[in-house]
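Notes to accompany the following structure.
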Amino acid sequence: MIGKKRAYRFLSRRSCWRLAMLYREGLADGRWTTQLGALSTLGVSQGDLSLALQLEKLPEPIVDLFEDRIEISSHTVRVIRHTIIHDGLSTVLSRVQRSGVPSKTLSNKGVLRVIKGQALGSKKMLRRSGQDLEKIVARPLDLPAHIAERYYLGVKQGEWDSFSACAKALHISRRNISDAVAISELPVSIRHLFGVQALTLCVGRKLLALKRELGIDELLLRALCKESMLDVVGRTADNILLELNDEDIGPLDLRRVRIKKGRGSNRLVIECKDAALLFRYRHEMEGAIHKVLRRRLRDPESFEVIRDSLGTRRSVLPR
DNA sequence: GAGACAGTGATTACGTTCGG
DNA sequence: CCGAACGTAATCACTGTCTC
């Protein structure tokens with residue numbers, strides 16, 4: 001049974017284009033006058049022969065999408081016809097036009113994606129990224145954003161129509177591609193918390209795990225009240241992930257935070273109730289201290305300029 | 001990162017129903 | 001009767017997830 005089924009896949013009679021051609025030849029030769037009369041000779045069902053002849057009636061812009069029209073199957077013709085009947089010819093033709101797919105580039109499956117409007121997502125994602133197409137191709141495929149954009153570009157240009165095919169073509173793992181696309185499709189309010197360089201596959205996978213665990217609505221809610229690492233110096237991806245995880249850090253007692261002189265001239269000691277919590281935000285605190293120092297300590301030359309302009313005595317200026 | 005595995009949708013091949 | 005449309009079981013291909 002399996003052998004019989006599999007054998008059909010390798011017979012050219014599955015080709016609608018060739019089937020229609022053979023049927024027309026038989027009609028012209030007088031070997032048959034009806035579809036039923038041709039069935040035994042052509043070795044196909046009446047339904048498939050009927051669909052093969054429908055191929056000739058499909059609009060040229062649709063047929064032109066196929067990389068090799070001899071591969072067009074009865075199923076493909078059937079789905080196209082069903083979509084045209086269901087969604088309307090003008091809708092389907094506008095999908096073909098908006099997809100921007102070059103002619104003679106797509107497999108049966110790829111054409112069906114365009115016809116059903118599923119391929120437009122890639123174009124939308126590329127438009128959102130606003131990147132030069134040549135730059136997308138030239139970039140190293142290390143970050144999820146870069147991998148996803150390269151994937152979308154390939155779909156748009158008919159290079160592939162699945163994660164698996166993309167993985168083979170680019171020689172990177174299928175999992176990396178599917179994860180990168182999933183990460184890039186996370187809401188912008190979540191992705192914006194991280195810089196492009198900080199949103200690595202590792203960080204992104206943690207976000208996807210949180211999305212699975214909490215649901216997208218809860219994750220979005222938590223992301224809303226978090227500060228982006230682009231806005232706060234020293235903030236790390238790890239900080240944000242822990243906060244999104246809503247880890248219970250207990251009640252804060254800020255009165256217990258003290259900074260004292262330590263041993264030696266270049267050491268300070270920070271006392272607090274939860275040193276581990278504070279240590280987690282050390283980069284952010286270092287950034288904040290730098291900011292304070294920059295504001296409080298100015299270089300001597302600027303003081304000279306101010307003193308000269310105001311004619312103020314040196315003794316009253318802050319040191 | 002690779003492989004296994006289950007779930008899901010697509011495809012194939014064939015059959016049945018319906019309208020002219 | 002003929003051709004078109006629809007239904008279905010078996011199979012294939014792809015995906016997400018998990019484990020190592």
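Rounded to a whole Å, the CG atom of A/Leu141 is 16 Å from the C1' atom of B/dG1. A/Leu170 has its CG atom 14 Å from the P atom of B/dG1, to the nearest Å. At whole-Å resolution of the value, NZ in A/Lys168 and P in C/dC14 are 6 Å apart. The interatomic distance linking A/Asn176 (CG) with B/dA2 (P) rounds to 9 Å, in whole Å. A straight line from CG of A/Leu49 to C1' of B/dG15 spans 16 Å, rounded to a whole angstrom.
Neither OP1 nor OP2 of C/dG3 sits under 4.0 Å from any side-chain N or O of A/Ser50.
Looking only at side-chain heavy atoms (C-beta outward), A/Val181 and A/Tyr152 come within less than 4.5 Å of each other. No side-chain heavy atom of A/Gln97 sits less than 4.5 Å from a side-chain heavy atom of A/Leu93.
Side-chain to base pairing of A/Arg78 with C/dG7: one donor and one acceptor N or O lie within less than 3.5 Å of each other.
In terms of heavy-atom proximity, A/Ile147 sits nearest to A/Asn176 at CG2-O, 4.4 Å. Shown here for A/Leu241 and A/Lys206, the closest heavy-atom pair between the two residues is CD1-CD, 3.6 Å.
Each of A/Leu193 and A/Leu221 belongs to its own hydrophobic cluster when Ile, Leu, Val, Met, Phe, Trp and Tyr are linked at side-chain heavy-atom distances under 4.5 angstrom.
Picking from C/dT8, B/dA2, C/dG3 the nucleotide with the shortest atom distance to the side chain of A/Ser173 gives B/dA2.
Here the NZ atom belonging to A/Lys211 is positioned 10.5 Å from the CG atom belonging to A/Asp217, to the nearest 0.5 angstrom.
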* For each nucleotide in nucleotides 15-20 of chain C, reading 5' to 3', give B when a protein heavy atom comes within less than 4.0 Å of its base, S when such contact involves only the sugar-phosphate, and - otherwise. => BBS---

